[in-house]
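Since the structure comes first, as structure tokens, the remarks are kept for the end.
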Amino acid sequence: MIISVRQGLRGEVEVGTKVRVRGWVRTRRDSKAGLSFIHVSDGSCFDPIQVVAPSTLANYEAEIAKLTSGCSIEAEGTLVASQGKGQAFEIQADAVEVVGTVDDPERYPIQPKAHSLEFLREVAHLRPRTNTFGAVARVRHTMAQAIHRYFHERGFVWVTTPIITASDCEGAGQMFRVSTLDLANLPRTPDGKVDFSQDFFGKEAFLTVSGQLAVEGYCLALSKVYTFGPTFRAENSNTTRHLAEFWMIEPEIAFADLAADADLAEDFLKYVIGAVLTERPDDMKFFADRIEKTAISRLEKVAAERFERIEYAEAIRLLQASGKKFEFPVAWGADLQTEHERYLTEEKIGRPVVVMNYPAEIKAFYMRLNDDEKTVAAMDVLTPGMGEIIGGSQREERLDVLEQRLAAHKLDPEAYSFYLDLRRYGTVPHAGFGLGFERLVAYVTGVGNIRDAIPYPRTPGHAAF
RNA sequence: UCCAGCGUCGCCUAACGGUAAGGCAACCGGCUGUUAACCGGUCUGAUGGAGGUUCGAUCCCUCCCGCUGGAGCCA
């Protein structure tokens, strides 16, 4: 029977069974006892399985003894209890078929040795064969599954909001244009502007920067909804936590206020982190051993401890009372800088913090104005090490106030007519938040750079693979 | 986009301005039920690109390209 490496190593297959594994060679060690030990990985779990190939096999000299890292093979044999140390089970091979060889072993980038993450980014198509990126891929998958499961089990409906949007009013950043016009020969209107009426959608179109505004319509019908999909920002950001193309999760709940939103964010994060700890202990152990010492302990802490909740005003007071010298001055009305967030989560409080009720001027138009008329019902979840991982708010559900807020932000109400409709017809208090999936993956795995938390990262100047 | 640093064999790193060194990998051999093994040997490069200073530049200067980190923007 064909088995995965995972099945073989976990004892899911009875000893003595004839099995067949298929995968890629990690290492080969030869023994004078007339054996070769081949570590084979198929990605189904962290560890490779050991295939013991006796030199009596017909193709031993010609093929098996020449296997190098990266070769693909199919091995057939008996699953046995291992005589050696380091693994419980191994495969005593009857046949090892070489499926694909490595043309030039010296040039094969994934050698059985330590590689820098920077180098591996240059071979993004081969890096999933490494311990690190195999583990990241499995953890990422586990997290995606946990996210859908979390929402599904609580009655949320997954809403796939459009990737292409004809409104540039999503208000979250620079957008990528989507067009079928011939850039070398653009149609013009009489006054010389580009005539987008001739474009594919009959108007300007872009890649979405957020599904939030669109999903609110579904929230005000299905009560509990979420988006989980790709998002695009054309910002020239070159940092360890920005991508031009990333995946975002945006739950939106009706009949809910900011406190409920914060509760959801906390419960949600704890669930996803808990799922990774229980479902991927092998990968997490690797991260803790090789990538980031506190990978597991840090997550256990986050899963166990209650998130601190503080008012924005209180955060300002804490920063002012810290006695620290910050590069950016701390004063009510200013946004929290990275250094401020760091101080709060890493030094002062030492665990995740939810900062709530920010000054209205520094936040988006759709966030609900508080009774003090100076702050809005916004919240950021800050984590030690990653900074802002979630940003959310209670939405402004009052038509008149929303119209005032649009005006204050100098936005055209015409462009938001659908959004205003939701306040005209059966409006209810509602709230939601946005979570950058890759930021969470980076946080959970401990990889320092978000470019290592997604299979093929897109950043300014980089769209290879 | 701004600031800082870096760019030397497939990979990682070394080299007071004076003929480019080592480790890993690869290859060959030895040893071993091995396990990112161990031991020995072999091979590999004119130092990101273009100028300049100098008798002479990996090392100094200028510009360009690329990368990394920090910041801004944000998820």
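Reckoned from all heavy atoms, side chains included, excluding hydrogens, waters and symmetry mates. Each chain gets a letter, A, B and so on, in the order the sequences are listed, and its residues count up from 1.
No hydrogens or angles were tested; on distance alone, nothing pairs the side chain of A/E235 with the base of B/U1 as donor and acceptor under 3.5 Å. The base of B/C12 lies outside donor-acceptor range of the side chain of A/S116, with no N or O pair under 3.5 Å. Evaluation of atom-type donor-acceptor distances gives a pair under 3.5 Å for the side chain of A/H242 against the base of B/C73. Contact of A/Q83 with B/G33 (side chain to base): a donor-acceptor pair of N or O atoms is detected under 3.5 Å.
Atom CD1 in A/I389 sits roughly 9 Å away from atom C1' in B/A75 (whole-Å rounding). One interatomic measurement links the two molecules: CZ of A/R290 to P of B/A36, which rounds to 9 Å at whole-angstrom precision. The nearest whole Å value for the distance from the CE atom in A/M379 to the C1' atom in B/A75 is 13 Å. To the nearest angstrom, P of B/G72 lies 17 Å from CZ of A/R233. Whole-Å rounding puts the A/R342 CZ to B/G72 P distance at 10 Å. Atoms CG (A/D47) and P (B/U34) sit 19 Å apart, rounded to a whole Å. A/I147 places its CD1 atom 13 Å from the C1' atom of B/A75, with the value rounded to the nearest Å. Distance, A/L336 CG to B/C74 P: 13 Å, rounded to whole Å.
Atom P of B/U13 sits at a distance of 36 Å from the matching atom of B/C31, rounded to the whole Å. Between B/C74 and B/C61, the distance separating the two P atoms is 38 Å to the nearest Å. Nucleotides B/G10 and B/G29 have their C1' atoms positioned 23 Å apart, rounded to a whole Å. Using P as the reference atom, B/G51 and B/U58 are 15 Å apart when rounded to the nearest Å. Rounded to the nearest Å, the gap between the C1' atom of B/G52 and that of B/U68 is 28 Å. Using atom C1' as the reference point in both B/C27 and B/C43, the two lie 8 Å apart (nearest Å).
Side-chain nitrogen and oxygen atoms of A/R451 include none within less than 4.0 Å of the OP1 or OP2 phosphate oxygen of B/C67. A sub-4.0 Å separation between OP1 or OP2 of B/A71 and a side-chain N or O of A/Q337 is absent. Between A/T239 and B/G72 there is no side-chain N or O to OP1 or OP2 distance below 4.0 Å.
Residue-level contact check: A/T231 touches neither bases nor backbone, having no heavy atom under 4.0 Å from any strand. As judged by a 4.0 angstrom heavy-atom cut-off over every strand, A/Q92 is placed among the base-contacting residues. Among the atoms of the strands shown, none is found under 4.0 Å from any heavy atom of A/E339. Within 4.0 Å (heavy atoms only), A/P105 reaches sugar-phosphate atoms of the nucleic acid but no base atom. Across all strands, A/N449 comes closer than 4.0 Å only to sugar-phosphate atoms, never to a base (heavy-atom distances).
Under the Watson-Crick or G-U wobble criterion, with both distances below 3.5 Å, B/A4 is paired with B/U68. The partner of B/C31, taking Watson-Crick or G-U wobble pairs whose two distances both stay under 3.5 Å, does not exist in any strand shown. Pairing partner, B/A37: none, since no Watson-Crick or wobble contact has both distances short of 3.5 Å. With a cut-off of 3.5 Å on both pairing distances, the Watson-Crick or G-U wobble partner of B/C60 is B/G52. B/A25 is unpaired under the criterion used here, namely a Watson-Crick or G-U wobble arrangement in which both key atom distances are under 3.5 Å.
A salt bridge is defined here as a Lys NZ or Arg NE, NH1 or NH2 lying under 4.0 Å from an Asp or Glu carboxylate O, and A/D282 with A/R280 meets this definition.
Side-chain contact between A/Y358 and A/D335 is present, with at least one heavy-atom pair separated by less than 4.5 Å. A/T227 has its side chain out of reach of A/M248: every pair of non-hydrogen atoms, C-beta onward, lies at least 4.5 Å apart. For the pair A/L264/A/F156, a side-chain contact is recorded, criterion being any heavy-atom separation below 4.5 Å from C-beta on.
A cation-pi geometry, defined here as NZ or CZ lying under 6.0 Å from the six-membered ring centre and within 45° of its normal, does not hold between A/R458 and A/F232. A cation-pi arrangement is found for A/R154 relative to A/Y150, the charged atom lying closer than 6.0 Å to the ring centre and inside a 45° cone about the ring normal.
Residues A/N370 and A/T375 bring a donor and an acceptor atom of their side chains to less than 3.5 Å of each other. Residues A/S393 and A/R395 bring a donor and an acceptor atom of their side chains to less than 3.5 Å of each other.
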Could you tabulate the donor-acceptor pairs under 3.5 Å formed by side-chain atoms of residues 211-219 of chain A, not counting sequence neighbours?
unit_1: A/Q212; atom_1: OE1; unit_2: A/Y366; atom_2: OH; d: 3.2
unit_1: A/Q212; atom_1: NE2; unit_2: A/E216; atom_2: OE2; d: 2.9
unit_1: A/E216; atom_1: OE1; unit_2: A/Y419; atom_2: OH; d: 3.0
unit_1: A/E216; atom_1: OE1; unit_2: A/R423; atom_2: NH1; d: 3.2
unit_1: A/E216; atom_1: OE1; unit_2: A/R423; atom_2: NH2; d: 2.9
unit_1: A/E216; atom_1: OE1; unit_2: A/H430; atom_2: NE2; d: 2.7
unit_1: A/E216; atom_1: OE2; unit_2: A/Y419; atom_2: OH; d: 2.5

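With a glycosidic angle further than 90° from 0, B/A20 counts as anti.
The stretch residues 18-34 of chain A comes close to RNA chain B through A/R29, A/D30, A/S31, A/K32, A/A33, each having a heavy atom under 4.0 Å from the strand.
Legend: ring-ring contact (aromatic ring centres under 6.0 Å, His included) pairs involving residues 26-62 of chain A, not counting sequence neighbours, sorted by first then second residue: A/F46-A/F286.
Aromatic stacking is marked for A/F246 over B/A75, as both cut-offs hold: 5.5 Å for the centres and 30° for the planes.
Remark on RNA chain B: of its neighbouring residues A/T240 and A/E90, the 5'-side contact belongs to A/E90, judged by nearest-heavy-atom nucleotide. Looking at which nucleotide of RNA chain B each of A/E327 and A/L243 is closest to, the 5′-most match is held by A/E327.
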